[in-house]
Amino acid sequence: MKTYPDGTAMLSLNPLAMRMGGPREAVWHAIIRKNFGCTHLIVGRDHAGPGEDQHGKPFYDPYAAQELAIAKQEELGIKILPFQMMVYLENHQRYCPREVLQGD
């Protein structure tokens, strides 16, 4: 079968260890996934980020990887799907993007 039927999707997990390379690693992940035939890549908050530096500050901006990957998606030929930080709203028993709540 050359393509999957309309209305279907395939989730493929590539056993690739994170190297904590930040935004450039997100682009590298997109290249690898594209080479494996993927058409889309979910890039999360602080994707492949090493966390905080020795002073407790984030090494990269939390959405820097998404911004770089989105800027390169046309050149790479893979659609980047940014995924925002989610929080659980206990009183509503559901998850919601944190950015939606920051206005409240």
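- Around the CD atom of E52, the shell of radius 6.0 Å holds more than 12 heavy atoms that belong to other residues, nucleotides or ligands.
- A heavy-atom distance below 4.5 Å is not found between the side chains of R98 and M86.
- Y60 and G22 make their closest contact through CE1-CA, 3.5 Å (heavy atoms, listed as atom of the first residue, atom of the second, distance).
- With hydrogens and angles disregarded, a donor-acceptor distance shorter than 3.5 Å links the side chain of Q66 to the backbone of V43.
- Under a 4.5 Å side-chain heavy-atom cut-off, the cluster of Ile, Leu, Val, Met, Phe, Trp and Tyr residues that includes Y63 is completed by M85.
- Shown here are the side chain to side chain contact (heavy atoms under 4.5 Å, CB included) partners of D53, two or more places apart in sequence or in another chain: H55, K57, F59.
- Under a cut-off of 6.0 angstrom, the local environment of CG in N91 is crowded, with over 12 non-hydrogen atoms contributed by other residues, nucleotides or ligands.
- Of all heavy-atom pairs between P97 and Q84, the closest is CB-CB, 4.3 Å.
- Taking the side-chain hydrogen bond (donor to acceptor under 3.5 Å, both in side chains) definition, one finds that E25 meets it with H29, sequence neighbours left out.
- By the side chain to side chain contact (heavy atoms under 4.5 Å, CB included) test, A30 pairs with L41, L76, I78, I80, sequence neighbours left out.
- Annotation: side chain to side chain contact (heavy atoms under 4.5 Å, CB included) contacts of P58 (sequence neighbours excluded): none.
- Note on I42: it clusters hydrophobically with Y95, by side-chain heavy-atom contacts below 4.5 Å among ILVMFWY residues.
- Annotation: side-chain hydrogen bond (donor to acceptor under 3.5 Å, both in side chains) contacts involving residues 34-45, sequence neighbours excluded, are absent.
- Note: the hydrophobic cluster containing Y88 also contains F83 (ILVMFWY, side chain heavy atoms under 4.5 Å, direct or indirect links).
- Residues L81 and V27 are members of separate hydrophobic clusters, defined by side-chain heavy-atom contacts under 4.5 angstrom among Ile, Leu, Val, Met, Phe, Trp and Tyr.
- From R24, atom CZ reaches atom NZ of K72 across 12.0 Å, with rounding to the nearest 0.5 Å.
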